[in-house]
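Indexing begins at 1, ligand by ligand and atom by atom, following the structure's order.
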Amino acid sequence: MKAALIAQQFVVAGRLVTADTTGQGNVNDTFLVIFRTTFSEERFILQRINKRVFPKPEYVMENMRVVTEHVHRRLEEEAHLSDRIWQLPRIIPAKDGRDYVVDGDGEYWRAISLIASAHSYEKVQSPEHAHEAGFVLGQFQRLISDIPPEKLHDTLIGFHVTPGYLKKLDDALTTAAGQERLKSSTEAQRCYRFIQDRREWCSVLEQAQVEGKLKLRPIHGDPKIANVMIDDATGKGTCIVDLDTVKPGLIHYDLGDCLRSCCNPVGEEATDLSHVVFDTDLCQTIMRGYMIFAKSFLTEADRYYLFDCCRLIAFELGLRFFADFIAGDVYFKTHHEGQNLNRARVQFKLTESIETREPIIRKIFSGT
Ligand code: GN1
Ligand code: MG
């Protein structure tokens, strides 16, 4: 198997035992690799970076180097102040000294250390879990807040710029195949109408940024619950993984993504839509965790747009899934026909739930 051959090109002690697929990421391919020596075992994560999504994987790795070194240094400096051991995976170098291996097909592979005795979950397990997701995000945003923006490449141009995804949808609909998919079901047509009704509003964060009300800062970009590692022994968050999209952006993208992911208890792949709701109790709990660090860096203007980001990122992800369905599933990995359409319906149901609960969600934000 290719992953097994590639795994042996990184600096790891011992001999290869297995390299099996793991995780449920929608973009990269991920493998858990086990090496053994005569007296110990080393496990690490091997990933093939999706070049269709990240056209310059070397940029992704240069950013990862900058971010991990920066965060590791800060964590060391602050270790004595903390009640827990915060972690962040390190890059395992290739035997030729680079941070990645390029295979014969031009595919980029990287190896990163495994955060041992910790797990991540596809869905929120409890209010305590939700609290940790907010807390870990606030901590991470704080830790990267002083990385000079010019040190970070833009690994994914247009990421979280919602109007750009409208354009992608419009482009996909100019093709006969796109029109065919739109007409294929009443669900698809309903999704399309849902988007049409929100076209004007969905520039809200970009507009605020153009007007100078919101500023770009280093963000994580993908803080969904599945990227938050929870210590098996204590139930506390230990780190946030998946650093591919760390780059300057609006911190609202992160908070919105954390909320849309954590406050939907049935998760992104739910098939029974009646259970998809935005749980406002979980929202309150996440905000309590998030604010522990974030209260020191959130401005009045940032606070003004909290409800919009909560509504927008759920809507945006639905739009991204839907546009990909119309385009023929070219971006997100799918395992069955119509999966991106179903994912879009889940996010739109969640968006509706957020809209219905607007007064209570706004109250949560103003009280934190
Ligand atoms: C993708 O690959 P993964 O699962 O970490 C996507 C995120 C979405 C997420 C939804 C680079 O993340 O933006 O929120 O799926 N990542 C990219 O599950 O597009
Ligand atoms: Mg990701």
Q. For atom 14 (O) of ligand 1, what is the nearest protein heavy atom, given as residue, atom name and distance?
A. Arg260 NH2, 3.4 Å
Q: If you have a sec, work out which protein heavy atom is nearest atom 7 (C) of ligand 1 and how many Å separate them, to one decimal?
A: Asp222 OD1, 3.6 Å
Q) Would you call Glu211-Lys213 a salt bridge at under 4.0 Å N-O? A) yes
Q. Heavy atoms only: which of Tyr331, Phe321, Phe332 is nearest to atom 11 (C) of ligand 1?
A. Tyr331
Q: Look at Glu268 together with Arg260 and state whether they make a salt bridge at an N to O cut-off of under 4.0 Å.
A: yes
Q) At the Mg ion (ligand 2), what angle lies between atom OD2 of Asp222 and atom OD2 of Asp242, rounded to 10 degrees? A) 90°
Q.
Suppose I only count heavy atoms of Leu156 and a 4.0 Å limit; which atoms of ligand 1 are within that range?
A. 11 (C)
Q: May I ask you to decide whether Lys2 forms a salt bridge with Asp103, counting only side-chain N to carboxylate O separations under 4.0 Å?
A: yes
Q) Under 6.0 Å between ring centres, would you say that holds for Phe10 and Trp109? A) no
Q: Have a look at Glu269, Lys333, Glu268, Arg320 and point out the one with the heavy atom closest to atom 10 (C) of ligand 1.
A: Glu268
Q) Is there a nitrogen or oxygen of Asn28 sitting under 3.5 Å from a nitrogen or oxygen of ligand 1? A) no
(Q) Do the side chains of Glu69 and Arg73 get close enough for a salt bridge, i.e. N-O under 4.0 angstrom? (A) no
**Q.** Protein heavy-atom partner closest to atom 4 (O) of ligand 1 - residue, atom, separation in Å
**A.** Lys224 NZ, 2.6 Å
Q.
As an exercise, identify every atom of ligand 1 less than 4.0 angstrom from a heavy atom of Gly25.
A. 4 (O)
Q. Should you measure from each heavy atom of Phe54, which atoms of ligand 1 turn up under 4.0 Å away?
A. 11 (C)
**Q.** Aromatic centroids of Phe135 and Tyr290 separated by under 6.0 Å
**A.** no
**Q.** Residue of the set Asp29, Asn26, Asn28 for which side-chain hydrogen bond (donor to acceptor under 3.5 Å, both in side chains) holds with Lys333
**A.** Asp29
Q | Contact check: Asn26 vs ligand 1, nitrogen or oxygen atoms, below 3.5 angstrom | A | yes
Q | Ring-face cation of Arg142 near Phe293 (centre distance under 6.0 Å, axis angle within 45°) | A | yes
**Q.** Under-4.0 Å heavy-atom contact with ligand 1, by part of Glu316 that carries it
**A.** neither
Q. So, does Asp242 sit close enough to ligand 1 that a heavy atom of it is under 4.0 Å from the ligand?
A. yes
(Q) Under 3.5 Å, is there a donor on one side chain and an acceptor on the other for Gln141 and His220? (A) no
